[in-house]
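To keep things clear, I will list the structure first and then write my remarks on it.
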Amino acid sequence: MNSSPFKRKREYEVHESNQMVFGIRAIIEAIKSGKEIENLFLQRGLTGGIILELRTLLKDQEIGFQLVPIEKLNRLTTKNHQGAVAFISPISYDKIENIIPLIYERGEVPLVLILDGITDVRNFGAIARTAECAGVHAIIVPAKGSAQINPDAIKTSAGALYKIPVCRHESLLKTAKFLQESGLQLVACTEKTNDFLYQPDYTVPTAIIMGSEETGISTDLIRVSDHLAKIPMFGEIESLNVSVSAGVLLYEAIRQKLAAK
């Protein structure tokens, strides 16, 4: 598993900060050149042919954006932003549809991680670090409502975000169903069950789902999951930090894989 060919190839220039791009035409050209947009802010109420061109491109490329007041954009930059400011990601995103077939072709057992609503960049970075150490093949995040991959996330990950594929998808529910159709079981880490994390068999193709500490895993993902698993708690504090919880589940998977050899 550690020799997986799906570690990120450094075919792009690594930079430690998210580059800002402002101006509608500049953002259009950045997208057309293949740049990964981490965040995009558009001024509310913008009209005209060029903004329509940008909105059409965003729809075609499945790139999310936020509509914000002009004051927000003015705080981001004092330059002539024309109502549009974007940040380019320091990594390139992958598609899980391209990764899963390659895992099977290599004769490996897929182990992927779905992060539903993890918005804290340090938690995200810590989870990525653990996932890379555990030999996880890919991390899947939603296109909206996920932590930015910024310098803090990369630093916390100890560079793991440059090595492990990160897949960004519009619908985690559709992606989860694709994984099931591809032979992976879904194991959701949630307190909404009586079953402990030791009960699922992680030696088979598996996708582990982690949710945010505030709202947990979405109801739709819990509903389609094959197994619900909770971490036993004996103290007065009711939950672990999500990055710690992810580590506990991943290393139970590793323990089972080692025991099965």
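All heavy atoms count here, side chains included; hydrogens, waters and symmetry mates do not.
Distance alone, capped at 3.5 Å, is enough to place a donor-acceptor pair between the Gln180 side chain and the Val224 backbone. A donor-acceptor pair under 3.5 Å is absent between the side-chain atoms of Ser225 and the main chain of Leu228, judged by distance alone. Looking at Tyr162, its side chain never comes within 3.5 Å of a backbone N or O of Pro90 through a donor-acceptor pair.
Between the side chains of His227 and Gln185, at least one donor-acceptor pair of N or O atoms lies under 3.5 Å. For the 3.5 Å distance criterion, the side chains of Glu38 and Asn150 fail to qualify, holding no donor opposite an acceptor. Ser89 and Glu36 form no side-chain donor-acceptor contact under 3.5 Å, judged by distance and modelled atom types alone. A donor-acceptor pair shorter than 3.5 Å cannot be found between the side chains of Gln256 and Thr203.
Side-chain contact between Gln82 and Phe22 is absent, with no heavy atoms from C-beta onward closer than 4.5 Å. No side-chain heavy atom of Leu102 sits under 4.5 Å from any side-chain heavy atom of His137. With contacts defined as side-chain heavy-atom distances shorter than 4.5 Å, the pair Ile114/Val141 does not qualify. Side-chain contact between Thr156 and Ile154 is absent, with no heavy atoms from C-beta onward closer than 4.5 Å. Val68 has its side chain out of reach of Val85: every pair of non-hydrogen atoms, C-beta onward, lies at least 4.5 Å apart. Tyr202 has its side chain within reach of Glu252: a pair of non-hydrogen atoms, C-beta onward, lies under 4.5 Å apart. A 4.5 Å side-chain heavy-atom check between Ile139 and Leu115 finds at least one atom pair inside the cut-off. Residues Asp116 and Met210 are not in side-chain contact: their nearest non-hydrogen atoms beyond the backbone lie 4.5 Å or more apart.
Between Asp220 and Arg223 there is a salt bridge, since at least one side-chain N of the basic residue sits less than 4.0 Å from a carboxylate O of the acidic one. Between Asp195 and Lys230 there is no salt bridge, since no side-chain nitrogen of the basic residue lies less than 4.0 Å from a carboxylate oxygen of the acidic one. Comment: Glu53 engages Lys32 in a salt bridge, judged by a side-chain N to carboxylate O separation of less than 4.0 angstrom. Taking 4.0 Å as the cut-off between side-chain N and carboxylate O, Arg25 and Glu29 count as a salt-bridged pair.
Atom CZ of Phe65 and atom CD1 of Ile63 lie 10.5 Å apart (nearest 0.5 Å). We find the CZ-OH distance between Arg255 and Tyr198 to be 8.5 Å, quoted to the nearest 0.5 Å. Interatomic distance, Ile127 CD1 to Ile164 CD1, rounded to the nearest 0.5 Å: 11.0 Å. Between the CD1 atom of Ile140 and the CD1 atom of Ile209 there is a distance of 9.0 Å, given to the nearest 0.5 Å. For the atom pair CD1 (Ile24) and NE2 (His81), the distance works out to 10.5 Å, reported to the nearest 0.5 Å. Of the inter-residue distances, the one linking Glu97 atom CD with Phe178 atom CZ reads 5.0 Å to the nearest 0.5 angstrom.
By the rule that hydrophobic residues join a cluster once side-chain heavy atoms approach within less than 4.5 Å of another member, Leu240 and Phe196 end up as members of one cluster. Neither Leu52 nor Ile50 shares a network with the other; the hydrophobic side chains, linked directly or stepwise wherever heavy atoms of I, L, V, M, F, W or Y lie under 4.5 Å apart, form separate groups for each. Linking Ile, Leu, Val, Met, Phe, Trp and Tyr whenever their side-chain heavy atoms come within less than 4.5 Å leaves Leu46 and Ile70 in two separate clusters. A single hydrophobic cluster is not seen to contain both Leu40 and Val121; linkage of ILVMFWY side chains at heavy-atom distances under 4.5 Å, directly or through other members, places them apart. Each of Leu184 and Val204 belongs to its own hydrophobic cluster when Ile, Leu, Val, Met, Phe, Trp and Tyr are linked at side-chain heavy-atom distances under 4.5 angstrom.
Judged by the 6.0 Å and 45° rule, Lys72 forms a cation-pi pair with Phe41.
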Worked check of side-chain contact (heavy atoms from CB on, under 4.5 Å) between Ile31 and Leu58 = CA-CA 9 Å; Ile31 295 170; Leu58 295 175; 3.7 Å; yes
Full working for side-chain contact (heavy atoms from CB on, under 4.5 Å) between Ser243 and Thr130 | CA-CA 8 Å; Ser243 65; Thr130 301; over 6 Å; no
Dump the intermediate steps for side-chain contact (heavy atoms from CB on, under 4.5 Å) on Ile208 and Leu111, then the final yes or no.
-> CA-CA 8 Å; Ile208 294 173; Leu111 176 61; 4.2 Å; yes
Given Val112 and Ile100, is the side-chain contact (heavy atoms from CB on, under 4.5 Å) satisfied, shown in steps?
-> CA-CA 9 Å; Val112 302; Ile100 294 299; 4.3 Å; yes
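The 12-atom threshold is exceeded at NZ of Lys95, counting heavy atoms of other residues, nucleotides or ligands nearer than 6.0 Å.
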